[in-house]
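Given the structure is predicted, the values throughout are model-derived calculations rather than measurements. In what follows, chains carry the letters A, B, and so on, assigned in the order in which the sequence lines appear, proteins first and then strands, with residues in each chain numbered from 1.
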Protein chains: 2
Amino acid sequence: MAEKRKITLKDIAKELNLSPSTVSRALNGYPSLSEETIQMVKDYAEKHNYIPNTMAVNFRKNRTSILGMIVPQIVHHFFSTTIDGAMETAKKHGYSIILAQSQDMLKDEIRASQHLLGMGVDGLLISVSNETKEAEHLQAFLDEGKPVVQFDKITDYLVSPKLVVDDFQSAYDAVTHLIKQGYRKIAHLSGRMDVKNAHERYKGYRKAIEDHGLEFREDWVKNCWEISEKEGMEFTKELMESGNAPDAIFCITDVVALGAMKHLQSKSIAIPQQVGIMGFSNWMLSDYTSPTLSSVDQHGKAMGSKAAELLIEILKNQDPVTDEFHEIKTELIIRESSQK
Amino acid sequence: MAEKRKITLKDIAKELNLSPSTVSRALNGYPSLSEETIQMVKDYAEKHNYIPNTMAVNFRKNRTSILGMIVPQIVHHFFSTTIDGAMETAKKHGYSIILAQSQDMLKDEIRASQHLLGMGVDGLLISVSNETKEAEHLQAFLDEGKPVVQFDKITDYLVSPKLVVDDFQSAYDAVTHLIKQGYRKIAHLSGRMDVKNAHERYKGYRKAIEDHGLEFREDWVKNCWEISEKEGMEFTKELMESGNAPDAIFCITDVVALGAMKHLQSKSIAIPQQVGIMGFSNWMLSDYTSPTLSSVDQHGKAMGSKAAELLIEILKNQDPVTDEFHEIKTELIIRESSQK
DNA sequence: TTGAAAGCGCTACCAG
DNA sequence: CTGGTAGCGCTTTCAA
């Protein structure tokens, strides 16, 4: 590989009989320089294709213009949209993003945090794993003066700006929609109750049921651990074969809803006529299933974008990291599976 | 934000009455040091939580241990799996990845390349945009001694290792499967003929048709430009309403196949009985459509992983960048849409 | 086995 | 308006 000797600031200075400082200033647009000097330097730099050495600049300024971003999984429609949004905004402000994933395991999240911290990222965007019940590894960022912004899956163990959708309200609205469609016996395939989003959705579900004078039954709530299609199938089977079959199911996320639909269809139970289904997250595939799946869109791209914006704002203004909450509006997407 | 003063190599040296060089050597495991010195330094570093300043190391060594990766889109099942694979392998070798997307536009690809080059990445993994018909912006990496590895969507304008699936053979096999199922009038919703993958698939389709003595008709080949569901619907409509309706359609990718299925279903044409459908790429949703969609899995994760491996290999051995081809095996996934 | 010292490329402070 | 210069933290010769 042919290494091409790169021209440096000093080279330009020597060639132009200027001092390195002057050249630096000219290139970085400082005010107190004569027009002609600036032009001369810029012309020369352009002509000789000068590229500043980023590593030297980073080193000197003690910053990298790189943000770290940790999500549970990259191969996941919602998270990939948040990444998309974060990258777009980061780019706009001259930042790059180094990605890492936790696979929803604390061990991996800690490893990734340390790696990113070691890399010298300027700040961190994170959606924590299901297992994250403490935040020492994140506090380490704050201790080094590097701000952290949490989004979607958050932990209260870290004082930092937090960006979420209103899971409670979204679930409430989704279930209310089912009720308005005439469903009366609504079950819930929920998630782990120690995971905040899941718990909020559960509360929203329950509140909607109770506000509308419907019966709340413990045995109509099933906790999915892996949030998988398989669990959706199995719990739906349990529900339907119990003495008290529901006439609608509100699912913690679309993949669980798919499992529910698969089971019902295998038993020739008509969706939405006999049983209505509501998902959550609005995965891309929800529009392609048969019947199409009603869901709640979380506007992942907007969320990623906003999270990056918050972080960059803190970076630019050297703001202190505070415990503020921000909300992204959700959108109820009504398709076939929930319309009687 | 409370900045905590980080301890440096010099601090350790002073404290231990050693020279910085000795400390550096101790920490980096040089051979010619006494056991006790090494232990003393390591203990001290550990105890005082010494973290080397990556920026200084990068600067000094003139490398970042960061790989650049450019894909057309991140929010795309196949590409997100390649990213997953690349990240996993990169991590294993101590590399990080900075992502960028081209949105399938040359302009954005060039911008991203320059950005990554400026960031000082050690090498580049890229799947080029549809518009990439020259490679100056990629050659710039090679000119600086930074290796480039292309994967999936490649351009011949750059001499570099290339990693692809055998689109020709995969298409040939997929179409052959349709023929064996008894379909005789097979159409093809193809892509842009100036995009290599698309052209290869087209050739595979055509060869399979001809090898089995079936009729090849120009008007059974429709070129999709955006590779969208909408195009899938429209071209399928055209095909079905022409005098010569096909009895199977081989689609350039799954999303086009979904469009085809939507149109057929809107006309109550039975899949796979009346018309068989074959996709390509094996998007996650192919397993959830009704009927489920047969497709070709490209093993994206393996591809990303292998691409990273090739790049890191070059980096480690300082190998020259050569024009070698590597192949990832595909897998024909037969589901309902293609089985009469 | 260890130390001294140079220097990577750049920025920023202090002078003039 | 411009120059001189120190120094960021680390690695790596060269010398001892």
#### Entry: Which residue lies more 5' along DNA chain C, comparing Leu33(B) with Ile51(A) via nearest heavy atoms
Leu33(B)

Residue pair [X] / [Y], side-chain donor-acceptor N/O under 3.5 Å:
{"X": "Ser102(B)", "Y": "Asp108(B)", "answer": "no"}
{"X": "Ser129(B)", "Y": "Thr132(B)", "answer": "yes"}
{"X": "Thr8(B)", "Y": "Asp11(B)", "answer": "yes"}

Counting only side-chain nitrogens and oxygens, does [X] get under 4.0 Å of the OP1 or OP2 atom of [N]?
{"X": "Tyr30(B)", "N": "dT13(D)", "result": "no"}
{"X": "Asn53(B)", "N": "dC8(D)", "result": "no"}
{"X": "Thr37(A)", "N": "dT2(D)", "result": "yes"}
{"X": "Lys10(A)", "N": "dC8(C)", "result": "yes"}
{"X": "Ser19(B)", "N": "dG3(C)", "result": "yes"}
{"X": "Ser24(B)", "N": "dT11(D)", "result": "yes"}

Show which side-chain atoms of residues 43-53 of chain B pair as donor or acceptor with protein atoms under 3.5 Å away, not counting sequence neighbours.
unit_1: His48(B); atom_1: ND1; unit_2: Tyr44(B); atom_2: O; d: 3.1
unit_1: Asn53(B); atom_1: OD1; unit_2: Met55(B); atom_2: N; d: 2.8
unit_1: Asn53(B); atom_1: OD1; unit_2: Ala56(B); atom_2: N; d: 3.0

#### Entry: Qualifying salt bridge (charged side-chain N to carboxylate O under 4.0 Å, His left out) pairs with a residue from residues 87-100 of chain B, counting only residues at least two apart or across chains
Glu88(B)-Lys301(B)

Whole-Å gap separating [atom2] ([N]) and [atom1] ([X]):
{"X": "Leu18(B)", "N": "dA4(C)", "atom1": "CG", "atom2": "P", "value": "10 Å"}
{"X": "Glu35(B)", "N": "dT1(C)", "atom1": "CD", "atom2": "P", "value": "10 Å"}
{"X": "Asn58(A)", "N": "dC10(D)", "atom1": "CG", "atom2": "C1'", "value": "15 Å"}
{"X": "Asn62(A)", "N": "dG7(D)", "atom1": "CG", "atom2": "P", "value": "17 Å"}
{"X": "Leu9(A)", "N": "dT11(C)", "atom1": "CG", "atom2": "C1'", "value": "9 Å"}
{"X": "Leu16(B)", "N": "dG3(C)", "atom1": "CG", "atom2": "C1'", "value": "15 Å"}

Please enumerate all protein N or O atoms sitting under 3.5 Å from an N or O of nucleotides 14-16 of chain C, with distances to 0.1 Å.
none

### Query
Are Phe59(A) and dC10(C) stacked, counting the six-membered base ring, centres under 5.5 Å, planes under 30°?
no

Nucleotide N/O to protein N/O under 3.5 Å, stretch nucleotides 5-7 of chain C:
unit_1: dG7(C); atom_1: N2; unit_2: Arg60(B); atom_2: NH1; d: 3.0

### Query
Which is true for Asn17(A) with a 4.0 Å heavy-atom rule: it touches a base, it touches only sugar-phosphate, or it touches nothing?
sugar-phosphate

#### Entry: Nearest-neighbour nucleotide for the Lys61(A) side chain, dT1(C), dT2(D), dT11(C) considered
dT11(C)

### Task
Kindly write out the residues that satisfy side chain to side chain contact (heavy atoms under 4.5 Å, CB included) with Asp152(B), not counting sequence neighbours, or none if the list is empty.
Phe78(B), Phe79(B), Ser127(B), Asn197(B), Gln298(B), Met303(B)

### Query
Between the axis at one end of the helix from dT1(C)-dA16(D) to dG16(C)-dC1(D) and the axis at the other (five pairs apiece), what's the angle to 10 degrees?
40°

